[in-house]
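Notes for the one structure printed next.
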Protein chains: 2
Amino acid sequence: MTSRKPAPSRQGGNGRKPDDDDYVLDSQVGFILRQVSQRHAVIFDELIGEGVTPTQWAALSKLQEIGPTSQNLLGRLTSMDAATIKGVVLRLGKRQLVETNPDPGDARRLVVRLTEQGRRLTRKLTPRAAAISQVTMAPLTPEEQTRLLALLTKLR
Amino acid sequence: MTSRKPAPSRQGGNGRKPDDDDYVLDSQVGFILRQVSQRHAVIFDELIGEGVTPTQWAALSKLQEIGPTSQNLLGRLTSMDAATIKGVVLRLGKRQLVETNPDPGDARRLVVRLTEQGRRLTRKLTPRAAAISQVTMAPLTPEEQTRLLALLTKLR
DNA sequence: GAATGAATATTTGTAGGCAAACAATAGGGA
DNA sequence: TCCCTATTGTTTGCCTACAAATATTCATTC
């Protein structure tokens with residue numbers, strides 16, 4: 001018999017005193033979130049093709065949605081900070097999927113826009129992106145899917 | 001009037017033909033997951049202190065749970081691949097929180113164990129780690145929290 | 001017009017995160 | 001014993017991700 005917690009003393013109403021032993025990594029939100037994100041990343045990679053990453057896709061898709069935007073705003077709309085969006089735009093630029101120009105009306109801004117190539121690719125990938133979301137959620141029933149999205153959105 | 005979709009023709013039962021316009025980045029699971037993870041990371045950073053990162057905490061906590069383990073197994077148990085866990089163990093080693101030794105029984109293995117310092121720090125941080133999970137979930141009622149964890153676990 | 005503070009962009013440094021290629025060892029089976 | 005395969009660990013390269021420091025420009029206020 002080696003248990004460190006043979007008979008935990010109850011106290012106060014019906015509760016237990018929280019013990020360090022109660023902390024199990026595998027049931028913490030943060031840890032589970034990371035695992036779900038990893039699974040999603042795998043699915044993304046398998047279905048998207050074209051060497052496009054999730055963040056790159058976010059930038060492309062958002063540009064398709066809203067048209068040319070400043071690099072900084074694009075970052076905010078895709079939840080990337082200034083340094084991160086810079087790298088993403090740089091790599092998309094190297095592949096000729098976006099182009100950047102100084103904003104004539106505001107010398108601070110760098111306007112990012114899809115190239116024709118970028119538009120074509122984005123249109124081509126959109127159905128795959130939709131499939132990625134479906135496959136990711138596939139283990140859940142439609143009702144569960146709706147519930148999950150609602151709950152996650154509250155934590156956003 | 002510039003709408004590209006003035007009167008979508010219905011067909012087949014009650015449905016609509018899915019259109020590219022239906023894809024909105026902000027309601028995709030992957031994108032929302034990233035945002036929730038980001039919020040969690042901020043909370044983690046604010047509450048944990050000691051310059052410990054989420055992955056480093058995962059390693060510390062898991063070592064506390066199960067005792068000395070091979071580096072590779074530790075990686076699997078914390079959902080990190082071999083290259084990632086190597087870096088994490090390296091940085092924890094620099095801070096004297098873990099130590100590594102060759103496994104006498106298997107020359108391939110590198111056994112990772114908490115140092116006394118590492119054990120002390122882990123014990124100290126465990127209540128904070130628990131608080132991080134609570135604060136992250138705080139926008140949800142207890143019932144919602146349970147439901148969310150159950151749904152996420154199915155996607156793990 | 002000048003000062004001030006906010007917004008935008010860039011650079012550097014640190015830390016995950018993974019793929020791919022590689023080396024070494026372990027474990028079995030022919 | 002020898003060979004084959006799986007496991008473990010390392011290294012390199014590329015891509016996020018963010019903090020912090022810096023420079024430039026804009027907008028506001030005085």
Side-chain angles (χ1 to χ4, degrees), chain A residues 30-31 33-46 48-60 69-95 97 100-112, chain B residues 30-31 33-46 48-60 69-95 97 100-112:
Chain A
F31 188 67
L33 275 174
R34 189 157 67 84
Q35 292 180 318
V36 176
S37 297
Q38 284 172 341
R39 173 167 166 274
H40 175 264
V42 170
I43 295 170
F44 189 97
D45 224 57
E46 287 170 353
I48 202 77
E50 310 284 345
V52 171
T53 67
T55 36
Q56 287 173 6
W57 170 248
L60 291 174
T69 331
S70 80
Q71 180 176 277
N72 213 288
L73 179 56
L74 180 59
R76 277 197 299 278
L77 295 174
T78 51
S79 298
M80 302 179 218
D81 75 351
T84 301
I85 189 63
K86 161 132 192 84
V88 172
V89 167
L90 181 73
R91 285 180 285 274
L92 291 176
K94 279 186 191 162
R95 295 181 55 182
L97 298 174
T100 59
N101 293 102
D103 184 331
D106 187 338
R108 294 170 303 177
R109 287 187 162 91
L110 192 63
V111 175
V112 186
Chain B
F31 188 67
L33 274 174
R34 189 156 67 84
Q35 293 179 317
V36 176
S37 297
Q38 284 173 343
R39 173 168 167 274
H40 175 264
V42 170
I43 295 170
F44 189 98
D45 223 57
E46 288 171 352
I48 200 77
E50 310 284 344
V52 171
T53 66
T55 36
Q56 286 173 8
W57 170 249
L60 291 176
T69 331
S70 81
Q71 180 176 280
N72 214 290
L73 177 56
L74 180 59
R76 277 197 299 278
L77 294 174
T78 51
S79 297
M80 303 179 217
D81 76 349
T84 301
I85 189 63
K86 161 131 192 83
V88 172
V89 166
L90 181 73
R91 285 181 283 276
L92 291 176
K94 279 186 191 162
R95 296 181 55 185
L97 298 174
T100 58
N101 293 103
D103 185 331
D106 186 338
R108 293 170 304 178
R109 285 189 163 91
L110 193 62
V111 175
V112 186

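The structure presented is a predicted model; accordingly, all values stated were derived computationally and were not measured. Below, chain A is the first sequence line, B the second, and so on; all start at residue 1.
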Gap between atoms [atom1] and [atom2], on [X] and [N] respectively (whole Å):
X: A:I48; N: D:dT16; atom1: CD1; atom2: P; result: 13 Å
X: B:Q71; N: D:dG9; atom1: CD; atom2: P; result: 6 Å
X: A:I85; N: D:dT16; atom1: CD1; atom2: P; result: 10 Å
X: A:D81; N: D:dA17; atom1: CG; atom2: C1'; result: 6 Å
X: B:N72; N: D:dT11; atom1: CG; atom2: P; result: 15 Å
X: B:M80; N: D:dG9; atom1: CE; atom2: P; result: 14 Å
X: A:W57; N: D:dC15; atom1: CH2; atom2: C1'; result: 18 Å
X: A:R95; N: D:dC14; atom1: CZ; atom2: P; result: 14 Å

Legend entry - Side-chain heavy atoms of B:Q38 within contact of A:S79, under 4.5 Å: yes
Inset, instruction - Compare all side-chain heavy atoms of B:R39 with those of B:I43 and state whether any distance is below 4.5 angstrom. - result: yes
[atom2] on [Y] to [atom1] on [X], rounded to 0.5 Å:
X: A:L60; Y: A:R95; atom1: CG; atom2: CZ; answer: 8.5 Å
X: A:Q35; Y: A:L33; atom1: CD; atom2: CG; answer: 10.0 Å
X: A:R109; Y: A:T69; atom1: CZ; atom2: OG1; answer: 10.5 Å
X: A:L90; Y: A:Q71; atom1: CG; atom2: CD; answer: 9.0 Å

Legend entry - Residue mapping more 5' on DNA chain C - nearest nucleotide basis, B:K94 or A:K86: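 Final value for this comparison: A:K86.
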Inset, instruction - Identify whether any heavy atom of B:A107 sits under 4.0 Å from a base atom; if not, whether one sits that close to sugar-phosphate; answer base, sugar-phosphate or nothing. - result: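 B:A107: backbone/sugar contact only, no base atoms under 4.0 Å.
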Inset, instruction - Would you indicate what A:T55 reaches in the nucleic acid, counting non-hydrogen atoms under 4.0 angstrom: base, sugar-phosphate, or nothing? - result: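 Sugar-phosphate: the residue A:T55, judged by heavy atoms under 4.0 Å, touches backbone atoms but no base.
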Legend entry - Criterion side chain to side chain contact (heavy atoms under 4.5 Å, CB included) against A:M80, the qualifying member of A:V89, A:L74, A:V88: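 Only one option passes, and that is A:V88.
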Inset, instruction - Please determine if a side-chain N or O atom of B:R108 lies less than 4.0 Å away from the OP1 or OP2 oxygen of D:dA6. - result: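 B:R108 to D:dA6 OP1/OP2: no side-chain N or O under 4.0 Å.
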Inset, instruction - Assign each of A:A83 and A:T53 to its nearest nucleotide of DNA chain D by heavy atoms, then name whichever residue's nucleotide is nearer the 5' end. - result: A:T53
Legend entry - Along DNA chain C, first and last positions that approach a heavy atom of chain B under 4.0 Å: C:dA15 to C:dA26
